[in-house]
Amino acid sequence: MRRVLLPLLALALAAFAASACATAQAATTTQLAMRVHYSHFDLNRIEVPAGVPITFTIVNDDPIDHEWLIGDAAFHNRHRTGTEPVHGDRPDEVSLAPMETKTTTLTFAPGTYTFICHFPAHEAYGMVGLLVAKG
Ligand SMILES: [Cu+2]
């Protein structure tokens, strides 16, 4: 059993490393298309310029609800224990019905932010990404 598992693990790690490289975005990007598929964001590391509007088009390709919430650690701590099933029209809190596409525009101060789906168990499953705004 152990002989079978080790090559599979190596293969999985190689696939993860390849996908991590493929999902980085250049720091000049102001328009981003993002897809949610199998409860994962297809972009998990994004670099954008600080101080200019960044427009995100987020496609939920799954047959279940998701959300895209972006902010700092305090923002996510609030949402991890929050009880809002659906978010309003705040640009940093996007609720996505099954197969729905939404667009939102945000301007970031220089820094590092995370975007997370806070539906039960989705963050632990890997619905997390990093955005770096470079000044
Ligand atoms: Cu989700």
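In each ligand, atom 1 is the first atom listed, and ligand 1 is the first ligand listed.
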S.K.: side-chain hydrogen bond (donor to acceptor under 3.5 Å, both in side chains), that's the test. Do E93 and H79 meet it? Break it down for me.
M.R.: CA-CA 10 Å; E93 302 179 9; H79 282 282; 3.1 Å; yes

S.K.: Keeping waters out of it, list the protein N, O or S atoms under 2.8 Å from the Cu ion (ligand 1).
M.R.: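 H66 ND1, C117 SG, H122 ND1, M127 SD, with waters left out.
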
S.K.: Using the six-membered ring wherever Trp is involved, compare the ring planes of F108 and F56 and label them parallel, tilted or perpendicular (cut-offs 30° and 60°).
M.R.: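 Correct class here is perpendicular.
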
S.K.: Where does the angle between the aromatic ring planes of F115 and F41 fall among parallel (under 30°), tilted (30 to 60°) and perpendicular (over 60°)?
M.R.: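 Ring orientation, 0 to 90° scale: perpendicular.
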
S.K.: Which residue, T57, V48, I58, T55, forms the side chain to side chain contact (heavy atoms under 4.5 Å, CB included) with L32?
M.R.: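 One option only clears the test, and that one is V48.
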
S.K.: Looking only at side chains, do D72 and H76 share a donor and an acceptor under 3.5 Å apart?
M.R.: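 No donor-acceptor contact under 3.5 Å links the two side chains.
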
S.K.: Would you give the length of the straight line joining atom CG of N60 to atom OG of S39, rounded to the nearest 0.5 angstrom?
M.R.: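 That separation rounds to 8.5 Å.
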
